[in-house]
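Everything below concerns the one structure shown next.
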Amino acid sequence: MSINCAAVDRLIDSMSFTQKVGQLNQRLLGWKSVERNAAGRLVASDELKQEIDRWGGLGTLYGLLRADPWSGQHWGNGIRPEERTEAIAVVQQTVLERGAHGIGVLLSEEASHGHQALGGTVLPTNLGLGATFDPQGVQEAEAAVAAELAASGIHIALVSGLDIARDPRWGRCEECFGEDPLMAARMCEAIVTGMQGEHRSKVGHGGVAVVLKHLAAQGEAVGGRNGQSAVLGPHDLHEIHLPPVAAGVRAGALGFMAAYNDIDSVPCCANPWLLKDYLRDQLGFDGIVMADGLAVDRLEDMAGSIPAAGRAALLAGVDVSLWDEGFTRLEEYADDEQVVAAVDTALRRVLELKAMFGLLPEDGADTAAIAMPSADAIAQATADGREQAKRMAREAITLINDGQSAATLDDIRSVIADAQAGPVIVAGPFADDFGCFLGDYTAPLPADEQSSVYRQLVARLGEDRVLLAAKPSDAPADQWARSSTVVFVCGSTSERSYDSEFDDNGAAKAVTEYGATCGEGVDLSDIRLPWRQDDMLGEVAALTTAPIVSVAVCGRAHVLTDVLERSAVTIWAGYAGQYGPQAVADVLVDGADMSGRLPVTLPAYPAAIPVRYNDRQSAAHVYKDAAEPILRGFGYGAGSLAAVTFSEMHADTQSHPGEVLVQVTAHADDHGAAGAVNLFAHVSGGRRIPRLAMLVDSVYMDLNAGERRDIAFHVPCDRLRDVGDGQVQVTCTLDGDSTHTVTATLPGEY
């Protein structure tokens with residue numbers, strides 16, 4: 001929908017200062033805006049009415065459909081899929097009836113990896129999606145999520161994507177696409193294009209506006225402590241943390257969320273360089289900046305008071321608040337010319353976004369004519385989202401160890417397929433667990449949609465063949481002795497229970513002994529597998545001579561050294577979403593290929609961290625008690641692409657001005673292969689210590705059996721050159737394989 005600038009001007013001129021401030025607020029928690037009457041029908045709550053009356057309207061409403069332990073919404077009391085239309089209608093009609101200008105309310109929802117609502121699609125978390133190295137696949141999956149949101153009457157999707165996993169102690173690593181800025185940038189572009197369409201073509205037409213979070217450098221927080229200081233210089237800020245931001249702007253993102261952390265002491269929510277000079281002036285961003293939940297109020301110590309905190313955030317470039325009181329106190333600055341001007345600027349951005357969704361009254365009309373959700377459209381979009389979730393779960397599964405003992409994965413598959421072989425024992429704390437695959441920011445799923453690795457194997461092999469032993473003592477010694485295969489499901493979980501404690505922003509506050517071990521608010525000082533799982537695996541290994549397949553369900557780069565040593569095969573599953581258990585069974589029983597690659601570096605020791613593939617100095621042989629601190633490197637994957645051979649690799653610096661063209665020929669074996677082929681570079685000749693490696697291009701390919709194909713990598717020279725005036729030598733390596741390396745020299749004088 002086109003924006004009528006004159007109509008927006010008239011609206012702004014007709015509004016009081018209080019009404020203007022109200023349009024910038026997102027204070028009300030959406031699930032508190034409706035309640036059920038005696039007949040069980042949804043009606044507007046007094047809290048919603050009071051909020052509308054206070055401001056003469058409502059700017060943005062957060063989480064109307066959200067369901068999870070923090071909100072307290074579940075299948076017994078929350079808004080079910082078939083009730084979404086009713087809930088949206090109640091809220092919008094109440095806003096239009098009680099508001100002063102006939103303006104509808106923007107509805108925002110969490111969509112970190114799917115829609116966080118009852119019945120919503122649950123994709124793998126970003127760390128799992130990052131393992132696919134498949135931006136096109138992510139774009140299609142996010143398009144399906146956006147279709148569900150749009151069909152449900154939602155306008156804004158709050159989507160993680162900007163954060164880079166720099167320290168595995170940070171509980172929110174699961175929300176990162178990994179440790180590499182180029183892949184994160186491509187995934188952010190995929191999110192925006194999928195959800196908003198090319199050139200924002202789907203916004204208001206089957207798509208939603210994306211608010212990318214979190215801006216910026218939240219993954220750099222000291223010690224992996226959530227929301228704390230990021231200590232880094234401007235060069236690393238631009239090279240590591242800002243590429244996803246720039247990619248989001250290029251793709252047309254309509255929003256960014258300012259993060260909790262500070263950068264060199266300046267809070268992101270009060271950083272005019274970040275939110276104005278860089279984001280708007282340098283990149284040309286024209287959408288809204290939203291604060292993270294209660295982040296504005298956290299500026300109180302810096303600003304001196306809650307009202308001053310709201311003023312500081314507004315003047316720095318925040319347009320829309322989230323749950324805080326600071327923006328509600330902007331009324332106290334009605335005589336402050338800077339504040340008045342900034343409120344009008346932010347208001348214009350909010351109203352222009354509302355216009356895209358038809359939330360403003362047309363010329364001559366008293367109120368906006370808001371289209372209501374369609375039940376059929378919701379059902380179709382949800383079904384499409386389920387198919388995308390299945391596909392992305394399969395792509396996320398990563399083989400990180402095969403044939404550690406005499407048995408290979410193919411050997412184990414043959415044994416599993418032999419009905420006369422001994423029992424398959426599914427062991428480990430997550431053997432019969434579903435929630436471990438889901439990650440944080442997930443709504444509860446119906447019981448009939450829940451599964452586990454154990455239940456999936458039972459469904460395929462039969463109850464007589466598959467035994468459950470969450471603890472070694474759960475199966476008798478003779479069964480361990482007879483077992484043909486052991487599947488050990490280990491890792492971590494972000495699942496919250498409905499009796500969990502939370503901070504005021506929804507982060508986990510108190511974690512019980514066997515509660516969440518990952519997610520927001522669950523930063524860890526020890527990244528070994530929790531609950532002594534290594535010891536448990538040792539007990540299992542002592543009970544059986546059968547080969548062990550370990551399935552690591554992880555939201556961070558846990559230390560898996562003992563797991564790899566004791567397992568014939570190790571599969572890394574990230575948090576693969578609602579279809580994670582099926583994807584694991586597809587691999588073990590149906591012989592599905594594994595195209596995933598590690599999106600993070602796995603450390604070999606708990607204290608030898610952080611280690612990243614793109615560090616400037618190697619950690620090898622530095623610690624005298626941990627000579628080789630890396631267990632598996634970024635991009636590692638021993639799955640379907642392991643059988644692809646490469647030849648005829650060469651680099652061309654002449655044919656394409658401004659880039660290095662690297663070409664190589666790929667040849668698939670008799671089974672074909674799919675997955676990403678990554679090109680890394682090491683650069684020397686500048687004025688800075690070079691990174692050990694940089695991912696400079698990645699091509700996702702699908703090869704038929706026996707197919708030969710030429711692959712071209714296009715590497716922009718500005719990614720390879722540093723500030724200097726001499727020649728730059730670039731060594732390009734294919735997926736860390738030193739047998740496929742080419743060297744090129746870029747001329748000087750740049």
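- Remark: A7 engages N4, R10, D363 in a side-chain contact (heavy atoms from CB on, under 4.5 Å) (not counting sequence neighbours).
- No donor-acceptor distance shorter than 3.5 angstrom exists from the side chain of R172 to the backbone of C518, with no hydrogens or angles considered.
- Under the rule for a side-chain contact (heavy atoms from CB on, under 4.5 Å), the partners of R298 that lie at least two apart in sequence or sit in another chain are Y260, D504, N505.
- Scanning both residues, A396 and T132, for their nearest heavy atoms gives N-CG2, 3.8 Å.
- Classification of K390 and E387 as a salt-bridged pair holds, one side-chain N sitting under 4.0 Å from a carboxylate O.
- Here the CE atom belonging to M372 is positioned 5.5 Å from the CD atom belonging to Q92, to the nearest 0.5 angstrom.
- Remark: the backbone N or O of S201 is not paired with any side-chain donor or acceptor of H199 at under 3.5 angstrom.
- Every side-chain contact (heavy atoms from CB on, under 4.5 Å) that T60 has, sequence neighbours left out, goes to Q26, L106, S108, I156, V320.
- Here the shortest heavy-atom pairing between V553 and G574 reads CG1-O, 3.3 Å.
- The closest side-chain heavy-atom distance from V296 to L314 is not below 4.5 Å.
- Judged purely by atom type and a 3.5 angstrom limit, N25 uses its side chain to pair as donor or acceptor with the backbone of V21.
- Atom-to-atom distance recorded for L347:CG and E352:CD is 9.5 Å, nearest 0.5 angstrom.
- S112 places none of its side-chain heavy atoms less than 4.5 Å from the side chain of T125.
- Considering only heavy atoms from C-beta on, M195 comes within 4.5 Å of L149 through its side chain.
- With contacts defined as side-chain heavy-atom distances shorter than 4.5 Å, the pair Y498/P444 qualifies.
- Using a 4.0 Å cut-off between charged nitrogen and carboxylate oxygen, D319 and K20 do not count as a salt-bridge pair.
- Annotation: salt bridge (charged side-chain N to carboxylate O under 4.0 Å, His left out) contacts involving residues 95-107, sequence neighbours excluded, comprise D53-R98.
- Here the side chains of L24 and V343 are in contact, with some heavy-atom distance below 4.5 Å.
- Within the 3.5 Å criterion, the main-chain N or O of D297 finds no donor-acceptor partner in the side chain of D324.
- Contact record, Q196 with L254: OE1-N, 3.1 Å, taken as the closest heavy-atom pair.
- Side chain of D292 to main chain of A295: no donor-acceptor pair is present (N/O by atom type, distance under 3.5 Å, no hydrogens or angles).
- With 3.5 Å as the limit, one finds no donor-acceptor pair spanning the side chains of D376 and S374.
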Go through the steps for V208 and E109 under the test side-chain contact (heavy atoms from CB on, under 4.5 Å), then give the verdict. CA-CA 10 Å; V208 293; E109 290 282 331; over 6 Å; no

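- Note that the OG1 atom of T328 and the CD1 atom of I306 stand 9.0 Å from one another [nearest 0.5 Å].
- Not a single donor-acceptor pair under 3.5 Å links the side chain of H115 to the backbone N or O of T121.
- The residues R329 and E325 are annotated as not salt-bridged, no charged nitrogen and carboxylate oxygen being separated by less than 4.0 angstrom.
- To the nearest 0.5 angstrom, I154 atom CD1 is 11.5 Å from E110 atom CD.
- A donor-acceptor contact shorter than 3.5 Å is absent between the side chain of Q93 and the backbone of V90.
- Looking only at atom types and distance, the side chain of R84 has a donor-acceptor partner in the side chain of S152 under 3.5 Å away.
- Under a 4.0 Å N-O distance rule, the pair R496/D440 qualifies as a salt bridge.
- Looking at R455 and D432, a side-chain N of the basic residue comes within less than 4.0 Å of a carboxylate O on the acidic one, giving a salt bridge.
- Under the rule for a ring-ring contact (aromatic ring centres under 6.0 Å, His included), the partners of F285 that lie at least two apart in sequence or sit in another chain are F256.
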Take M356 and H205, measure what side-chain contact (heavy atoms from CB on, under 4.5 Å) needs, and give me the verdict at the end. CA-CA 9 Å; M356 293 182 181; H205 304 283; over 6 Å; no

Show the numbers, then the answer: is there a side-chain contact (heavy atoms from CB on, under 4.5 Å) between C176 and N126? CA-CA 5 Å; C176 307; N126 281 358; 5.7 Å; no

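- Here the CG-CD distance, from D68 to E495, works out to 12.0 Å after rounding to the nearest 0.5 Å.
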Would Y62 and W31 satisfy side-chain contact (heavy atoms from CB on, under 4.5 Å), going step by step from the backbone distance to the final call? CA-CA 8 Å; Y62 168 89; W31 57 87; 3.9 Å; yes

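- There is a side-chain donor-acceptor pair under 3.5 Å between S494 and E174.
- At least one donor-acceptor pair under 3.5 Å links the side chain of Q578 to the backbone N or O of V122.
- Screening residues 41-52 for side chain to side chain donor-acceptor pair (under 3.5 Å), with sequence neighbours left out, gives R27-E51, R41-E86, E51-W55.
- Side chain of N261 to main chain of A216: a donor-acceptor pair is present (N/O by atom type, distance under 3.5 Å, no hydrogens or angles).
- Remark: L275 CG to L215 CG distance equals 6.0 Å, nearest 0.5 Å.
- Looking only at distances, no side-chain donor or acceptor of Q456 sits under 3.5 Å from a matching main-chain atom of V584.
- The shortest distance between side-chain heavy atoms of H113 and V159 does not fall below 4.5 Å.
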